[in-house]
2 protein chains.
Amino acid sequence: MNPDDACPIRDILNRFGDKWSILVMVQLHRHRVLRFSAIGKSIPDISQRMLAVTLRTLEADGLVKRKVYPEVPPRVEYQLTTMGESLIPLIRNMVEWARENRGEIIRSRNAYEGRE
Amino acid sequence: MNPDDACPIRDILNRFGDKWSILVMVQLHRHRVLRFSAIGKSIPDISQRMLAVTLRTLEADGLVKRKVYPEVPPRVEYQLTTMGESLIPLIRNMVEWARENRGEIIRSRNAYEGRE
DNA sequence: CAGTATCCTGATCGATACTG
DNA sequence: CAGTATCGATCAGGATACTG
């Protein structure tokens with residue numbers, strides 16, 4: 001009843017409400033481990049900047065682990081942490097819900113447009 | 001072609017990534033039915049404008065039903081649609097996850113700050 | 001009461017160029 | 001390869017005032 005009940009979600013969920021975080025996490029989950037450039041290829045329309053920013057944020061939150069190999073040329077590998085993996089089932093549920101309801105939402109939007 | 005067309009999750013989830021949609025839906029779920037001003041009171045820091053905008057979007061998407069009573073002064077009641085209700089369990093899971101992991105995320109953020 | 005209409009600010013995001 | 005730096009555009013969101 002207290003609005004604070006939903007407050008933790010605001011802080012946390014806002015991170016995944018951004019444009020790329022969920023997409024990056026899904027790719028990392030699918031491939032287990034990916035290099036920077038490989039994530040970029042798996043998400044063709046993400047810019048280098050936004051990929052870096054997104055990975056930095058996910059890393060800071062402890063959802064993604066970053067491992068640097070001291071080689072030349074440099075190699076950096078990313079993978080989900082245990083906490084990051086624990087979020088995957090929830091993301092999957094959301095995707096599933098979106099798939100099931102997308103048609104109705106689109107229809108509703110069109111109807112709403114037409115009624116004014 | 002818009003990438004949102006190909007990726008249902010981006011189109012749908014972006015709506016709930018905004019600042020107020022989830023909070024409004026949670027309030028409507030808890031009270032079953034609420035008037036405009038009552039939602040505002042249950043979410044003290046939402047502006048009148050953002051409440052109206054959020055409700056309009058949720059209504060357009062078919063997640064919230066709006067009922068106007070032809071009275072003076074006007075009375076308008078909002079409640080979740082069936083589709084809106086179907087989203088509540090997923091939101092609850094997200095809130096639950098956020099509660100369980102919030103501590104670790106905060107600690108991770110602090111550690112990340114300190115390491116550079 | 002239940003909203004609109006304006007105006008404005010800060011954040012988000014993208015393009016481009018550059019680097020260890 | 002794996003980034004960072006800089007700039008500019010776009011947009012979500014807030015403050016305030018007004019209305020049927």
Side-chain angles (χ1 to χ4, degrees), chain A residues 3 6-7 9-24 27-28 31 33-61 64-79 112 115-116, chain B residues 2-4 7 10-24 27-28 31 33-61 64-79 112 115-116:
Chain A
C7 186
I9 198 183
R10 249 204 265 191
D11 177 29
I12 306 299
L13 262 245
N14 279 354
R15 306 299 262 241
F16 316 130
D18 73 356
K19 200 167 177 184
W20 302 110
S21 291
I22 288 183
L23 226 38
V24 167
Q27 293 304 322
L28 288 178
H31 298 86
V33 52
L34 283 175
R35 303 176 60 163
F36 185 89
S37 58
I39 306 175
K41 274 169 202 160
S42 75
I43 308 173
D45 51 343
I46 193 173
S47 67
Q48 219 169 6
R49 185 180 110 81
M50 287 316 297
L51 179 53
V53 169
T54 302
L55 285 169
R56 243 27 97 223
T57 304
L58 291 173
E59 188 194 358
D61 283 5
V64 161
K65 200 175 352 178
R66 177 173 180 268
K67 179 152 194 203
V68 183
Y69 294 86
E71 304 172 359
V72 177
R75 179 161 56 108
V76 180
E77 288 184 348
Y78 294 91
Q79 61 181 307
Y112 189 86
R115 96 156 69 115
E116 76 223 74
Chain B
N2 187 338
D4 284 354
C7 185
R10 250 200 266 189
D11 178 29
I12 305 301
L13 252 44
N14 280 354
R15 306 298 262 240
F16 314 128
D18 74 356
K19 198 166 176 181
W20 302 110
S21 292
I22 287 183
L23 226 38
V24 167
Q27 294 304 323
L28 288 178
H31 298 85
V33 53
L34 283 174
R35 303 176 60 165
F36 184 89
S37 57
I39 306 175
K41 274 169 202 159
S42 74
I43 309 175
D45 51 343
I46 192 172
S47 67
Q48 219 169 8
R49 184 179 109 80
M50 286 317 295
L51 178 53
V53 168
T54 302
L55 285 170
R56 243 28 96 223
T57 304
L58 290 173
E59 189 195 358
D61 282 6
V64 161
K65 199 175 351 181
R66 177 173 180 269
K67 177 152 194 202
V68 183
Y69 294 86
E71 305 172 358
V72 177
R75 180 161 55 108
V76 181
E77 289 183 346
Y78 294 90
Q79 61 180 307
Y112 189 86
R115 98 158 65 118
E116 83 230 73

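In what follows, chains carry the letters A, B, and so on, assigned in the order in which the sequence lines appear, proteins first and then strands, with residues in each chain numbered from 1.
For DNA chain D, if you chain together Watson-Crick or G-U pairs that step i with j, i+1 with j-1 and so on, the runs of at least three with distances under 3.5 Å are C:1-20 with D:1-20.
Atom NZ of A:Lys19 is separated from atom P of D:dA12 by 11 Å (rounded to the nearest Å). If you measure from atom CH2 of B:Trp20 to atom P of D:dG13, you get 9 Å, rounded to the nearest angstrom. Separating the CZ atom of B:Arg15 from the C1' atom of D:dA12 is a distance of 13 Å, rounded to the nearest angstrom. For B:Phe36 and C:dG3, the CZ to C1' distance is 6 Å, given to the nearest whole Å. Summarising the geometry, the separation between CE on A:Met50 and P on D:dA9 is reported as 18 Å, rounded to the nearest angstrom. Following rounding to the nearest Å, B:Leu55 (CG) and C:dC1 (C1') show an atom-to-atom distance of 14 Å. Atom C1' of nucleotide D:dG3 and atom NZ of A:Lys41 are separated by 15 Å, given to the nearest angstrom. In this entry the distance linking CG of B:Asp45 with P of D:dG14 reads 8 Å, nearest Å.
Contact of the A:Val68 side chain with the A:Pro74 side chain is not registered, since no non-hydrogen atoms from C-beta on lie closer than 4.5 Å. Side-chain contact between B:Arg66 and B:Val64 is absent, with no heavy atoms from C-beta onward closer than 4.5 Å.
The NZ atom of B:Lys67 lies 8.5 Å from the CZ atom of B:Arg75; values are rounded to the nearest 0.5 Å. Expressed to the nearest 0.5 Å, how far CG of A:Leu13 lies from CG of A:Asp18 amounts to 11.5 Å.
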task = Begin from the C-alpha positions of A:Trp20 and A:Leu55 and carry the test side-chain contact (heavy atoms from CB on, under 4.5 Å) through to its verdict.
result = CA-CA 9 Å; A:Trp20 302 110; A:Leu55 285 169; over 6 Å; no

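Picking from D:dA2, C:dG3, C:dG14 the nucleotide with the shortest atom distance to the side chain of A:Arg49 gives C:dG14. Checked against D:dG3, D:dA2, C:dG3, the side chain of B:Arg56 finds its nearest nucleotide in C:dG3. Comparing C:dA2, D:dG3, C:dC1 against the side chain of B:Pro73 picks out C:dC1 as the nearest. For A:Asp18, taking side-chain heavy atoms from C-beta onward, the closest of the listed nucleotides D:dG20, D:dG14, C:dC13 is C:dC13.
Within the 4.0 Å cut-off from OP1 or OP2 of D:dC1, not a single side-chain nitrogen or oxygen of A:Ser37 is found. OP1 or OP2 of C:dA2 sits under 4.0 Å from a side-chain N or O of B:Arg35. Not one side-chain nitrogen or oxygen of A:Tyr78 sits closer than 4.0 Å to the OP1 or OP2 atom of D:dC1.
Exactly one residue among A:Val33, A:Ile39, A:Val24 makes a side-chain contact (heavy atoms from CB on, under 4.5 Å) with A:Tyr78. That residue is A:Ile39.
Take the nearest nucleotide of DNA chain C for B:Gln48 and for A:Ile46: the residue whose nucleotide is more 5' is B:Gln48.
The two residues B:Asp11 and B:Arg15 come nearest to each other via the heavy atoms O-CG, 3.6 Å.
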